[in-house]
Amino acid sequence: MTGYRAAALLSVLASSHAFAPAPAYRPTTQLSAVAADTITFAKVDERTGKPTGTSFLPADAVERAAVGNPIEKVKLAKDGTSAFVDVYEYAAKFRAGEMTWEEVESADMNSRLKYVGMLHRDKRTPGQFMMRLKVPNGIVSSDQMRFYADCVERYGEEKGVVDITTRQNIQLRGVKIEDAADIIDGLHARNQTSFQSALDSVRNMVGSPLAGIDDMEMVDTRELCNALNDLVSLDPVTQTRGNPMWGNLPRKFNVAISGSRDDYAHTHINDIGLVPTPHATTGAMGFNVVLGGYMSIKRVAESIPSGLWIHADRESVVTLTEAILRIFRDEGSRGDRQKARLIWLVEQYGVEEFKKAVIKEINSYGRGVTVQDSQPGPTEPFERRELLGVHKQKQEGKSRVGILVPTGRLSVKECRQIADMADKYSAGEIRLTVEQNIILPNVDDGKVAALLKEDALEGTRLKVNPGFIEGNVVSCTGAQFCGLALIETKAQAESVAKKLEELVTVNRPIRIHWTGCPNSCGQVQVADIGIMGGPARRLDEETGKMMAVPGCKIFVGGRIGEDAHLSLEPFKSGIPLDDEFLIPELVQILKNEFGAVDKKIRKRDK
Ligand code: SRM
Ligand code: SF4
């Protein structure tokens, strides 16, 4: 057991993070003689004095990485876990006029800096980055929200925006390396980080946006998300941000913890999903563990039951996650990146064998954490509840107010307006949702009317009671900033929703998700209607020939909540994105599949 392993749980469980003396760093396993001859990698980063992420890997994982995919080679050659030092060094050199961003080596610029949450938007805004944060359980303070606005303001209205992501998280846009060091310091001063939020890292911990304020809550997910966030991104030895133990995973890794039967966290599409379920005999609250949900170009997989049940306490949740991460880190594929997510490893083992391996790993830690067989889920009917709008809380006299942020995109002005409203009505607290919206919690019932009359909510993009269509749009980043996108998404999603609202009436929320490419960051397979960028052709009226145009595939019938179901096959393909093609298709689907009716007879039909 390394100093890291020993310190990990203690550090996560400690209520205050006291600075611990640093023990000697050493890798978990020494390289074999053969491997040592052929593979070289740093075990300790000279500049930080910290062990590298790679140093925690067993010899055979390093060997597989050495002949693995190109990203594995980049990670071996120059460890990502100390990339923050490069940010400080580059920033100092840029400011001193000794270097420009064009001179930064490509592996740093386009891969390694992702470990600091910095993603170079090389195709769309060369020299500028998206900085992805970690916001465990999606809880943000007004001070943090104002800080985001201050960070991006200098990049102008178009490039300097803030996005709420589909992982209940924040991304800052436009960031330049010369400013990044100060932004990182500012985040850390506000107890937030961007470290280990991208590339092969454990991503933002998703929890219930109603944690602690919900009368139907089964588990308060806040402290569990924080504990897991500390497990993966707090160095247990130095108590600084960034944990090298998980600094060289084979692939990204997603964890979601649900707090109620609504499954607001989407456990069915995460590598680890914790589904609150009381123990059938003892009544103790715990989680059934589901594994392997993910979406990608190659495969879209719904989570599968692992057969495991754990208690809903910090020690059990941290230990289970640590055990699965350890197995994934050391045994996951370092070859084809399209077959490297957790589900592939679970399938390689077989579910029953994987379950045994997890239990063995947990027992080897000797923490007395008990694991049991999965428990039966509830049988009585349940209806998933709405997050937007005004709703009573479990606390007498308090309400939660869910506010639409169209496609999760926030201007500097909107960030500041939200921060001001939070200070005035919700003690400075703002909650983010995976639908890319916000909730102001703990608003005094007597102040709700005043909140609803705030300028920021009257005739603006931010709405408390939007229509059933415009209020349920989710969109990935799309071509405006993402180099993988086949189409523009956010602006189009917002405008199409408005047009549909004018054309039809629906009697329940219809969730329309947009995603710019098959990676499905916008999760089209969970949507009522999912729009995924793809090829299309239409007649060129000038030449009379068919021509290629931006288009989409349409998915129909994804479900979320207890009854979750992914819509795997496109309902329609090759639809051009122009309004004249897309809008009639969507209207038809809304009418045929979702009972929509015409709102008014349009002028041209009169
Ligand atoms: Fe994603 C890659 C944006 C949630 C599956 N995703 C990307 C990149 C980093 C590609 C790139 O380098 O440009 C996108 C950055 C664009 C940008 O400038 O913002 C990107 N993904 C996003 C975000 C911002 C979409 C959004 O607008 O909300 C979400 C950030 C979440 C976060 O805060 O961490 C985001 N991505 C997702 C989700 C949804 C989820 O996590 O519930 C998925 C599907 C679930 C999953 O991962 O299994 C998702 N993104 C992918 C994939 C395919 C993963 C795979 O295993 O193949 C890629 C490509 C990759 O990793 O190779 C990808
Ligand atoms: Fe980019 Fe594709 Fe993800 Fe959209 S789905 S953010 S286009 S990678």
Side-chain angles (χ1 to χ4, degrees), residues 69 71 110-111 113-114 117-125 128-136 138 159 161-175 194 196-206 250-256 265-273 292-303 332-333 336-344 405 407-409 432-436 474-490 493 513-526 530-534 560 566:
N69 62 63
I71 298 281
N110 298 311
S111 297
L113 291 184
K114 290 182 183 175
M118 290 182 62
L119 284 82
H120 186 207
R121 302 297 74 197
D122 55 335
K123 285 198 189 153
R124 313 297 186 205
T125 53
Q128 289 181 279
F129 290 75
M130 169 268 276
M131 188 187 270
R132 181 181 287 161
L133 311 191
K134 287 259 176 107
V135 182
K159 292 179 186 168
V161 289
V162 174
D163 283 336
I164 303 172
T165 78
T166 52
R167 291 199 69 76
Q168 206 178 35
N169 195 11
I170 289 287
Q171 291 185 170
L172 309 179
R173 295 211 175 268
V175 176
S194 62
Q196 287 171 289
S197 59
L199 203 63
D200 297 342
S201 298
V202 185
R203 303 302 178 84
N204 194 45
M205 295 300 163
V206 178
R251 205 57 168 100
K252 75 191 285 194
F253 197 92
N254 290 337
V255 184
H266 288 179
T267 51
H268 61 299
I269 52 168
N270 279 259
D271 295 283
I272 298 180
Y294 91 110
M295 293 164 174
S296 74
I297 289 181
K298 166 93 182 175
R299 177 175 179 185
V300 175
E302 201 161 300
S303 299
S333 166
D336 183 352
R337 279 180 74 76
Q338 297 298 343
K339 294 185 177 174
R341 294 289 292 270
L342 181 70
I343 189 76
W344 297 89
V405 176
T407 71
R409 171 66 46 86
L432 312 179
T433 72
V434 298
E435 288 81 18
Q436 305 173 312
V474 168
S475 173
C476 84
T477 305
Q480 187 187 3
F481 295 109
C482 179
L484 304 181
L486 304 170
I487 56 167
E488 156 60 21
T489 52
K490 282 194 190 278
H513 287 220
W514 287 67
T515 213
C517 81
N519 282 315
S520 208
C521 305
Q523 310 155 324
V524 292
Q525 293 86 352
V526 309
I531 298 170
M532 175 190 282
I560 51 174
L566 299 180

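We count residues from 1, following the sequence as given. Order of listing sets the numbers, starting from 1, for every ligand and every atom in it.
None of the N, O or S atoms belonging to Cys517 lies under 2.8 Å away from atom 3 (Fe) of ligand 2. Note on Cys521: counted as a metal contact of atom 1 (Fe) of ligand 1, an N/O/S atom lying under 2.8 Å.
For atom 18 (O) of ligand 1, the candidate residues are His120, Arg121, His266, Lys114; the nearest heavy-atom contact is made by Arg121. In this structure, of Gly483, Gly522, Cys482, the residue bringing a heavy atom nearest to atom 1 (Fe) of ligand 2 is Cys482. Within the set Gln523, Lys252, Met295, Arg337, the minimum heavy-atom distance to atom 51 (C) of ligand 1 is found for Lys252.
Remark: minimum distance from atom 3 (Fe) of ligand 2 to any protein heavy atom is reached at Cys521 SG, 2.2 Å. For atom 4 (Fe) of ligand 2, the closest non-hydrogen atom on the protein side is Cys476 SG, 2.3 Å. For atom 33 (O) of ligand 1, the closest non-hydrogen atom on the protein side is Thr165 OG1, 2.7 Å. Protein heavy atom nearest atom 28 (O) of ligand 1, with residue, atom name and distance: Thr166 N, 2.9 Å.
At a 4.0 Å heavy-atom cut-off, ligand 1 does not touch Asp163 at all. Using a 4.0 Å cut-off between heavy atoms, Ser520 contacts ligand 1 through its backbone alone, with no side-chain atom that close. Residue contacts with ligand 1 for Arg173 involve side-chain atoms from C-beta outward but no N, CA, C or O (heavy atoms, distance under 4.0 Å). For Ala479, no heavy-atom contact with ligand 2 is shorter than 4.0 Å. The proximity of Val206 to ligand 1, defined as any non-hydrogen pair under 4.0 Å, does not occur for either the backbone or the side chain. Residue contacts with ligand 2 for Ala485 involve both N, CA, C or O and side-chain atoms from C-beta outward (heavy atoms, distance under 4.0 Å). Contacts with ligand 1 closer than 4.0 Å are made by side-chain heavy atoms of Gln171 only, the backbone lying farther away. Contact annotation for Ile297 and ligand 1: no heavy atom of the residue comes within less than 4.0 Å of the ligand.
Ligand 1 is approached by Gln436 to a heavy-atom distance shorter than 4.0 Å. Note on ligand 1: Gly408 sits outside its first shell, no heavy atom being nearer than 4.0 Å.
By the 4.0 Å N-to-carboxylate-O rule, Arg337 lies close enough to Asp200 to be salt-bridged with it.
Listed by number with element, the atoms of ligand 2 under 4.0 Å from a non-hydrogen atom of Leu484 are 8 (S). Ligand 2 places these atoms under 4.0 Å from at least one heavy atom of Thr515: 5 (S).
Per-atom contact check: atom 40 (C) of ligand 1 touches the protein, criterion being a heavy-atom distance below 4.0 Å.
Residues Arg251 and Asn69 have side chains that never bring a donor and an acceptor to within less than 3.5 angstrom of each other. Between the side chains of Gln480 and Arg409, at least one donor N or O sits under 3.5 Å from an acceptor N or O.
No N or O atom of Asn204 sits closer than 3.5 Å to an N or O atom of ligand 1.
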